[in-house]
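First up is the structure itself, then whatever we jot down about it.
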Amino acid sequence: MNLLTVVGARPQFVKAATLSRAIARHNAARPGAAIVEKIVHTGQHYDANLSEVFFQELEIPAPAFHLGIGSGPHGAQTGRMLEAIEAVIGDEKPDAVLVYGDTNSTLAAALAAAKLYVPVAHVEAGLRSFNRRMPEELNRVLADHVATWLFCPTRVAVDNLAREGVARGVKNVGDVMYDGMLHYRARANDRALETAGVERKGYVLATVHRAENTDDPARLAAVMESLGEAAERFGRVVLALHPRTRARLIEQSITVPHGAHVIEPAPYLEMIALLANARAVMTDSGGVQKEAFFLEIPCITLRDETEWLETVECDANRLAGADPRRASSALDALAEARWRPDFSARPYGSGHAAEAIVASLLEARP
Ligand code: UD1
């Protein structure tokens, strides 16, 4: 099988690393039924610390095609990708195109492939925030509705698709990010704590990058206030700052709170170390919410809703939106040891999602 995998943004590199490793293992064991994977990098993320570092550190096969699309308004960025991916598919004539998650790269690749009658495999299918103002929600709904294989990470995702009348090709395989965590956890780079000048359990880790938070000055200021509450209670916040957020903070003259230590977006193995040793994490990232759960770290989500309901149900994750009072109440509960998440549930599979995906791709097409 000739498989074209399209990635473009940081969270996709992490997932692609795990699946590419499973493909390599499969090929080594069964050379007669090999999957030949070629990676297309759209260039949506182009800063070295959002892209290159991940390919090196996670040993992702080098992209066969680099489209160099870069940033831009949604229509322009997605449109440029669509045109460039269509050309690659035309030349390569793959048996399937594989996409991850919910970014503009996901949508462009899924649409380009479907229009050329090339079947699409969507990893992380079926997630919904039910908030159509999020670009990610539009991207994932549209990608799901043109996909042939819909690889769901959770039962909730399967149910979401069923409600939209999508059942064919749907499979709950578990979460490739959980597979990834089992692999990378032991490789976490603890030097990150030293570099950030923090000690184990002596800080709260924070990441902020969602357009809904960064592009609304009132929300961005409120999110910074919430981080200030954390710094007040736990002494220090380590804020791994996405370039989009950095730019908006400067444009809007919003300052980071006293006690917040700003670092560059962390390479994956440093991020895992910072997360595993934090008192708690405050984030608007989907991936970080789950990684916190895997590492049994309480998470305060700086959004009004989440796709990862399982983490909320067992009280591992509390939604604070951009409301410093809600953040404060969760931080108080944590400081006073009244917040005791139950991490015993295993809603994200058994750590073999990538193998299940490889096996499915080689079976008869749904
Ligand atoms: C994208 C995804 C989001 C994902 C996130 C992970 C979409 C709609 N959003 O958002 O779902 O959670 O990636 O990080 O696809 N920029 C740089 N350097 C880079 C990349 C971006 O400086 O390497 C800046 C640019 O100013 C750009 C802005 O960040 O305009 C936003 O980039 P964008 O492509 O919209 O992606 P993210 O915000 O990262």
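Whatever order the structure lists them in is the order used to number ligands and atoms, beginning at 1.
- Checked against a 3.5 angstrom limit, the closest N/O atoms of S105 and ligand 1 fall outside it.
- Nearest non-hydrogen protein atom to atom 14 (O) of ligand 1 is H45 CE1, 3.0 Å.
- The proximity of P11 to ligand 1, defined as any non-hydrogen pair under 4.0 Å, is limited to the side chain.
- In E59, the CD atom is not crowded: 12 or fewer heavy atoms of neighbouring residues, nucleotides or ligands sit closer than 6.0 Å.
- With respect to R233 and D332, a salt bridge is recorded, a charged nitrogen being found less than 4.0 Å from a carboxylate O.
- Salt bridge status for R365 with D95: absent, with no side-chain N to carboxylate O gap under 4.0 Å.
- In terms of protein heavy-atom proximity, atom 33 (P) of ligand 1 is closest to Q44 NE2, 3.9 Å.
- Near L50, meaning under 4.0 Å from one of its heavy atoms, ligand 1 places the atoms 19 (C), 20 (C), 23 (O).
- Given atom 12 (O) of ligand 1, the protein heavy atom at minimum distance is H209 NE2, 2.9 Å.
- Close approach of ligand 1 to D102 (heavy-atom distance below 4.0 Å) involves ligand atoms 11 (O).
- In this comparison of L138, D215, N139, T103, the heavy atom closest to atom 2 (C) of ligand 1 sits on T103.
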Listed pairs under 3.5 Å, donor-acceptor, residues 183-191 side chains, sequence neighbours left out:
| residue | atom | partner | partner atom | Å |
| --- | --- | --- | --- | --- |
| Y184 | OH | R21 | NH1 | 2.7 |
| R187 | NH1 | H183 | O | 2.3 |
| N189 | OD1 | R191 | N | 3.1 |

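- Ion pairing between a basic and an acidic side chain is recognised when a charged N comes within 4.0 Å of a carboxylate O; R246 and E264 show such pairing.
- Between H74 and ligand 1, not a single N/O pair is under 3.5 Å apart.
- Heavy-atom minimum distance, A112 versus I85: CB-CG2, 3.9 Å.
- Residue E136 approaches ligand 1 through these ligand atoms, each under 4.0 Å from one of its heavy atoms: 3 (C), 9 (N), 11 (O).
- Within 6.0 Å of atom CZ in R133, 12 or fewer heavy atoms from other residues, nucleotides or ligands are found, so the atom counts as exposed in its surroundings.
- With ligand atoms numbered from 1 in the order given, ligand 1 contributes 28 (C), 29 (O), 31 (C), 35 (O), 38 (O) to contacts under 4.0 Å with heavy atoms of R244.
- Relative orientation of the Y348 and F294 rings is perpendicular, given thresholds of 30° and 60° on the angle between their planes.
- Annotation: atom 17 (C) of ligand 1 to nearest protein heavy atom, Y46 OH, 3.3 Å.
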